[in-house]
Amino acid sequence: MKISPRRRARVAAAFARLRQLYPDARCELLHEGPFQLLVATVLSAQTTDRMVNQVTPALFHRFPDAESLARAAPEEVEPLLARLGFFRVKAKNIVALARQLVEHHQGKVPADFKALVALPGVGRKTANVVLGVCFGVPEGVVVDTHVQRLSQRLGWTRETTPDKIERELTALFPPEERDLVSHVLIFHGRRVCSAQRPVCDRCGVRDLCPSAGRAEHIGRKKKRA
DNA sequence: ATCCCGAGGG
DNA sequence: CCCTCTGGAT
């Protein structure tokens, strides 16, 4: 993928500003070790990580590792997830996930992208989170709903699907920056550049954003009754 | 009514 | 490409 020096510089300028604005940007899912982060990230689909952090302490107290969770039945895990969206699918997925870890990976989380996405309930986004947070360098930039929305609003991409956006962002940033890119975009997305009511008046990259003041017209389809 | 650190299946 | 799984927050 060829990227013009001008475009690369424009993106780098906004990223540098975001790093200054959010020096503490990091993963906020509570976890101890790769297994717990993998499970927490699977649970985080279409749910705020605040909700995930409300259920994982009890979950990990009872099932702290792959071996213990692999021995559980999905029905005994379900009540522990009951306040999350998709809790039935997620209970089934994390038990199957734990069983595969025990069967094929000695109960450990593989530090390998292809092995990760082969696990039940684990897609590109989850695999990149685990690789980035626990093993230093993700395969590609984590593209969740925030990263998708902000990279579109900031004019970093014109693509509309997570896979294509991931490819573009990964080409825009060197490996050692990719984990931080997703985290600063997520922080900014939660605090300022929200989906429904972005607060451009309080945005630290307003002068670098082509959508400033009209961000509601980018992103997902407008309401318009 | 729309969104939240999505993934699997048709 | 589409649909489904699911509950809480705004």
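Labels below follow one simple rule: chain letters A, B, ... track the order of the sequence lines, proteins then strands, and each chain is numbered from 1. Keep in mind that the numbers below use all heavy atoms, side chains included, and drop hydrogens, waters and symmetry copies.
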Practice problem: Using a strict 4.0 Å threshold on nitrogen-to-oxygen distance, state whether A:R124 and A:D144 make a salt bridge. | Solution: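 No.
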Review point. Between A:R71 and A:E76, does at least one N-O distance fall below 4.0 Å, as a salt bridge requires?
Key: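 No.
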What contact category does [X] fall into here, base, sugar-phosphate, or nothing, at under 4.0 angstrom with non-hydrogen atoms?
X      : answer
A:V52  : nothing
A:P162 : nothing
A:L119 : sugar-phosphate
A:T41  : nothing

Check your understanding: Take atom CD in A:Q106; do more than 12 heavy atoms of anything else shown fall under 6.0 Å from it?
Key ->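 Open: at most 12 neighbouring heavy atoms sit under 6.0 Å from CD of A:Q106.
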Figure out the [atom1]/[atom2] separation between [X] and [N], and round it to whole Å.
X      : N     : atom1 : atom2 : answer
A:N128 : B:dG6 : CG    : P     : 13 Å
A:K92  : B:dG8 : NZ    : C1'   : 9 Å
A:D163 : B:dG6 : CG    : P     : 14 Å
A:F187 : B:dC4 : CZ    : C1'   : 15 Å
A:L97  : B:dG8 : CG    : C1'   : 14 Å
A:I186 : B:dC3 : CD1   : P     : 17 Å
A:L150 : B:dC4 : CG    : P     : 10 Å
A:I94  : B:dG6 : CD1   : P     : 16 Å

- Whichever of A:S194 and A:V117 has its nearest DNA chain B nucleotide further upstream toward 5':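 Result of the comparison: A:S194.
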Could you give the distance separating [M] and [N] at their [atom1] atoms, to the nearest angstrom?
N     : M      : atom1 : value
B:dC5 : C:dC3  : P     : 24 Å
C:dC5 : B:dC3  : C1'   : 16 Å
C:dT6 : B:dG10 : P     : 16 Å

Any non-hydrogen side-chain atom of A:M51 less than 4.5 Å from a side-chain atom of A:L43?
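No - every pair of side-chain heavy atoms lies 4.5 Å or more apart.
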task: Report yes if the side chains of A:D179 and A:V137 come closer than 4.5 Å at any heavy-atom pair, otherwise no.
output: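 Sidechains of A:V137 and A:D179: no contact.
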* Given the rule in the side-chain hydrogen bond (donor to acceptor under 3.5 Å, both in side chains) test, do A:K90 and A:T47 qualify, once you have shown the distances and angles that lead to the verdict? -> CA-CA 12 Å; A:K90 288 172 180 176; A:T47 307; 3.3 Å; yes
Would you please confirm or rule out a distance under 4.0 Å between OP1 or OP2 of B:dG6 and any side-chain N or O of A:T126?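 No, A:T126 has no side-chain N/O under 4.0 Å of OP1/OP2 on B:dG6.
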Phosphate OP1/OP2 of B:dA7 contacted by A:R124 side-chain N/O (<4.0 Å):
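Looking at the OP1 and OP2 atoms of B:dA7, neither is under 4.0 Å from any side-chain N or O of A:R124.
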* Please walk me through it: do A:V11 and A:F173 pass side-chain contact (heavy atoms from CB on, under 4.5 Å)? -> CA-CA 9 Å; A:V11 171; A:F173 297 96; 3.4 Å; yes
Subject >> Nearest atoms (heavy-atom pairs only) where A:E67 meets A:G107 >> reply: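 So the two residues come closest at OE2-CA, 3.7 Å.
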Reading nucleotides 2-10 of chain C from 5' to 3' and marking B where a protein heavy atom lies under 4.0 Å of the base, S where only the sugar-phosphate is that close, and - otherwise, the string is ---BBBSS-
